[in-house]
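Per chain, numbering begins at 1; letters A, B, ... match sequence-line order. Nothing here was measured: the structure is a model prediction, and the numbers come from that model. Atom set for the values below is all heavy atoms of this structure, side chains included, hydrogens, waters and symmetry mates excluded.
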2 protein chains.
Amino acid sequence: MTTTTEENYLKAIYHLSTGNQDSVLTSAIAGSLSTSSASVTDMIKKLSEKNMVEYERYHGVKITRKGEKVALSIIRRHRLWEVFLMDTLKFKWDEVHDLAEELEHVSSDELTKRLDAFLGFPKFDPHGDPIPDTNGKVHSNGQVLLSEITKKGKYILSGVNDHSPSFLQYLEKKGLIPGSIFSIVEMDEFDNSMQIIFSNKSPSLLAKKLAKTF
Amino acid sequence: MTTTTEENYLKAIYHLSTGNQDSVLTSAIAGSLSTSSASVTDMIKKLSEKNMVEYERYHGVKITRKGEKVALSIIRRHRLWEVFLMDTLKFKWDEVHDLAEELEHVSSDELTKRLDAFLGFPKFDPHGDPIPDTNGKVHSNGQVLLSEITKKGKYILSGVNDHSPSFLQYLEKKGLIPGSIFSIVEMDEFDNSMQIIFSNKSPSLLAKKLAKTF
DNA sequence: AAAATAATTTAGACAAGTCTAAATTATTAA
DNA sequence: TTAATAATTTAGACTTGTCTAAATTATTTT
Ligand SMILES: [Mn+2]
Ligand SMILES: [Mn+2]
Ligand SMILES: [Mn+2]
Ligand SMILES: [Mn+2]
């Protein structure tokens, strides 16, 4: 039905779509998939032919409901496999993403269904991202970006937006993993920083830029 | 390193190699992979270039030690995934093979290692086939083909050689699964048949031809 | 409103893997 | 041992996904 490559394109387009409803630009897809713009144009035409995206020459693409459903089914598999790798096989949270990139393309709805049941129908993956349900519905929590918090107080780290191993390792070394409780004790409007305390350790400074990734 | 296609060729050549040390013929590989002889010749040249097989024009191939190691590592993954699918995800033994054909190509030795540990270091897969160890060593039991048994008596079904869903379903309906105890109560030299009793049921007739698949 | 710059698409090529049809080599039969 | 048959390889073509370089269209700058 859909090839591994098509699935990766649709996933990238979907991710670039969420948050803003503008068209996704060729260059953005190329950047996201580390491929050339020429290749993206070629693939976009194929996906358009299959009614997975709406394509307007020189103006990027919009993903269709059909394409979105495919993307969400791959994302569902990806996140379920990440839970499996971490909970069942005891991988660390910075190691699961690359493996899930391969496992997500094993094409069996029955497998996904049974994996889901075995894992106890998890709602979030190890990075705090919600796992879409069978119908492609995403039940998002009231998660908020650290950079958007305006009140001091206690918070729970529910997830991260940057999935790179180096960043995840950095956070873990600081003692910050999903579920961690931390307090914002000081916010500085001028130098774009906040001071936070977590897990009985000494106060630490976080730049707003970093905070955006929460 | 090796592509999925190369891995499938090496697996097929390995399987066709075991039992006799003649060269594996182009047509045998083509038959096994449901592909044309022309395609096999092309791929054989590539594998020969990579020193995975020794190729003599018009006379088939012999798998090298290097090629055999790759094949055994894929077969190890395949059988471990089959155990996982059956033991952990509760698939039936006739459903696991096709899924394992996809999962076996997920390329991570660490994943294989952890899966092995999680499953409790199984030595045989759901069809009774031995799981090669990390070094590519195959610890075969003293299994013997049903067609080669000459004495009446009690036996344990340790595995099957035909993995097709239809055959596996047929056996299960008869009450025969790995671990089943059965007795050979009569052997007929002339019409190539034997009468066996299993699991408290009435005697059943098995043709020698069928017996060969055990 | 042109000119300069940036983004996108097209043209043409390549690698992997596949196919059919034709040519070649091996095997079997006469 | 030659002729017929069977198996294998080569030739040439096709698909998917990719690339670079050139042409086209959009956007910014002046
Ligand atoms: Mn991930
Ligand atoms: Mn994740
Ligand atoms: Mn199998
Ligand atoms: Mn098996």
Sugar-phosphate atoms are those with a prime plus P, OP1 and OP2; base atoms are the rest. Using that split, label each nucleotide of nucleotides 7-22 of chain C B, S or - for protein heavy atoms under 4.0 Å, 5' to 3'.
-BBB-----SSBBB--
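A salt bridge links A:E104 with A:K11: at least one charged nitrogen is closer than 4.0 Å to a carboxylate oxygen.
For B:T88 against B:L119, the heavy-atom pair with the smallest separation is OG1-CD2, 3.7 Å.
Aromatic ring orientation, A:H127 versus A:H163: parallel (interplanar angle below 30°, classes split at 30° and 60°).
The distance from the CD atom of A:E56 to the NZ atom of A:K62 is 8.5 Å, given to the nearest 0.5 Å.
For the salt bridge (Lys or Arg N to Asp or Glu O under 4.0 Å) condition, the pairs that include at least one residue of residues 78-89 of chain A, sequence neighbours left out, are A:R79-A:D125.
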